[in-house]
Amino acid sequence: GPIMDPSFLVIFPLLLALSTPCNACDCKIQHPQTYYCTSDVVILADLQGPGNNTVTKQGFRVNVLKVLKAPRGMPTIHEIYSPISWKDCSYRLRTTQQSLLLIAGYLRGGTLRFTRCHLVYFWYRLTREQRLGFEAAYRTGCKCQVQPCLHCWHPCPQPDFGECVWKQKDCHYKVWEGNHSLFSMCVPSMNGYCEWTRIQMNYPYQTSAPATSVH
């Protein structure tokens, strides 16, 4: 076949880089524990439909069933907000309302904001271990970091003292697949190193701290 001009090969990756819009929504792959630990607020709630919109954000009316993580003294939440623009990672309701959703987000000026990169997931689809993780177990590992091993063509890096390496088959990362995601958390071991440990269903994790039920 014809020999390809080598200068074309040099330019080609640049074309690929330029063709992807820089302002598109790009979500990082994160382990469920990381969502829990890095979010200001984690709730179990029913989305009851659209709420009030502003120029940049859309509101959703919510009925909060349980607060799984929140700063002390946070008032009851009746509305949560997502960006309006799809490229800013806005969330879209699939149906007029959605029940029993796990929603993680951040606080801005007393309001709960979230995007589709945060976490909006059906509670019934979680494993029993993941539910216990969000209710009580993940917080015991928030000093640790979960590092996805994204360079699957190389051996994964050795974890540092304070981290666990999260590897998934063939680098097809999905948050809700694989033993580390579905059943495990990364917590400090007896020797202080962070390591993977299976979430134990009958272990007396302290659920009392921020997990107060809302009436």
Side-chain angles (χ1 to χ4, degrees), residues 13 16-17 20 22-44 68-71 83 87-89 91 101-108 112-123 125-201 203 205-207 209-211:
L16 276 179
T20 53
C22 298
N23 58 1
C25 171
D26 187 21
C27 300
K28 285 209 303 270
I29 293 288
Q30 303 204 91
H31 187 275
Q33 176 178 323
T34 308
Y35 281 114
Y36 178 88
C37 291
T38 58
S39 298
D40 294 332
V41 175
V42 182
I43 55 174
L44 185 59
L68 302 174
K69 181 184 179 183
K87 72 172 169 41
D88 293 334
C89 308
Y91 181 73
L101 284 178
L102 178 67
I103 301 171
Y106 61 100
L107 288 171
R108 282 286 177 283
L112 177 56
R113 312 280 181 90
F114 72 109
T115 70
R116 64 178 184 272
C117 289
H118 281 81
L119 183 64
V120 187
Y121 203 76
F122 290 104
W123 186 247
R125 286 195 187 156
L126 301 180
T127 61
R128 288 165 60 219
E129 286 82 359
Q130 285 173 323
R131 288 183 211 173
L132 184 58
F134 282 104
E135 286 173 327
Y138 289 150
R139 76 173 63 110
T140 63
C142 285
K143 290 190 181 75
C144 298
Q145 301 285 318
V146 177
Q147 294 295 353
C149 173
L150 296 174
H151 302 295
C152 293
W153 50 94
H154 298 306
C156 290
Q158 282 301 306
D160 280 344
F161 183 85
E163 65 185 25
C164 298
V165 170
W166 176 31
K167 186 167 170 46
Q168 274 195 358
K169 196 170 177 299
D170 303 331
C171 237
H172 296 314
Y173 277 83
K174 292 207 170 50
V175 176
W176 314 109
E177 283 180 17
N179 288 346
H180 284 160
S181 277
L182 296 177
F183 308 115
S184 301
M185 59 183 180
C186 172
V187 291
S189 62
M190 300 299 275
N191 60 15
Y193 277 84
C194 290
E195 55 187 42
W196 289 113
T197 170
R198 193 173 171 108
I199 295 170
Q200 295 165 9
M201 295 311 296
Y203 186 82
Y205 298 107
Q206 292 295 313
T207 52

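In this chain, numbering begins with 1 at the start of the sequence shown. Just so it is clear, the structure is predicted and the values come from calculations on it, not from any experiment.
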| query | Which pairs, with at least one residue in residues 144-159 and sequence neighbours excluded, count as a salt bridge (Lys or Arg N to Asp or Glu O under 4.0 Å)? | reply | none

Do [X] and [Y] make a side-chain contact, defined as non-hydrogen atoms from C-beta onward lying under 4.5 Å apart?
{"X": "K69", "Y": "V41", "result": "no"}
{"X": "V146", "Y": "W196", "result": "yes"}
{"X": "S189", "Y": "C194", "result": "no"}
{"X": "T115", "Y": "P83", "result": "yes"}
{"X": "W123", "Y": "L101", "result": "no"}
{"X": "L102", "Y": "V120", "result": "no"}
{"X": "Q33", "Y": "C186", "result": "yes"}
{"X": "E195", "Y": "V187", "result": "no"}

| Aromatic rings H31 and Y138: how do their planes relate, parallel, tilted or perpendicular, breaks at 30° and 60°? | perpendicular

What is the minimum heavy-atom distance between [X] and [Y], and which atoms define it?
{"X": "H118", "Y": "A104", "result": "CB-O, 3.2 Å"}
{"X": "V165", "Y": "C156", "result": "CG1-CB, 3.8 Å"}
{"X": "I199", "Y": "Y205", "result": "CA-OH, 3.7 Å"}
{"X": "Q200", "Y": "L132", "result": "O-CD2, 3.5 Å"}
{"X": "L182", "Y": "Q130", "result": "O-CG, 3.5 Å"}
{"X": "Q30", "Y": "W166", "result": "C-CZ3, 3.5 Å"}

| message | Tell me every residue that passes side chain to side chain contact (heavy atoms under 4.5 Å, CB included) with N179, counting only those two or more places apart in sequence or in another chain. | response |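 With neighbours one apart ignored, the set is F183.
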
| Residues in salt bridge (charged side-chain N to carboxylate O under 4.0 Å, His left out) with R108, at least two apart? | none

| request: Report the residues that fulfil salt bridge (charged side-chain N to carboxylate O under 4.0 Å, His left out) with E129, sequence neighbours left out, ordered by chain and then residue number. | output: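 E129 satisfies salt bridge (charged side-chain N to carboxylate O under 4.0 Å, His left out) with R198 once adjacent residues are dropped.
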
| Can you list the residues that meet the side chain to side chain donor-acceptor pair (under 3.5 Å) rule with R131, with sequence neighbours excluded? | none

State the [atom1]-[atom2] distance between [X] and [Y], to the nearest 0.5 angstrom.
{"X": "K143", "Y": "C37", "atom1": "NZ", "atom2": "SG", "answer": "10.5 Å"}
{"X": "S39", "Y": "I103", "atom1": "OG", "atom2": "CD1", "answer": "11.5 Å"}
{"X": "L44", "Y": "L68", "atom1": "CG", "atom2": "CG", "answer": "6.0 Å"}
{"X": "S181", "Y": "L126", "atom1": "OG", "atom2": "CG", "answer": "11.0 Å"}
{"X": "Q145", "Y": "C142", "atom1": "CD", "atom2": "SG", "answer": "9.5 Å"}
{"X": "Y121", "Y": "Y35", "atom1": "OH", "atom2": "OH", "answer": "11.0 Å"}

| message | My understanding is that only one of C89, C25, C27 makes a disulfide (SG to SG under 2.5 Å) with C117; could you say which? | response | C27

| field | For F114, all residues meeting ring pair (Phe, Tyr, Trp, His ring centres under 6.0 Å), sequence neighbours excluded | value |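 Counting only residues at least two positions away or on another chain, F114 forms a ring pair (Phe, Tyr, Trp, His ring centres under 6.0 Å) with F60, Y91.
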
| Okay, side chain of T140, backbone of A137: is any donor-acceptor separation there less than 3.5 Å? |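 Pair found, side chain donor or acceptor close to backbone of A137.
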
| request: Take atom OH of Y193 as the centre, draw a 6.0 Å sphere, and report whether it contains more than 12 heavy atoms from other residues, nucleotides or ligands. | output: no

| message | I'd like to know whether OH of Y203 has more than 12 heavy-atom contacts from other residues, nucleotides or ligands below 6.0 angstrom. | response | no

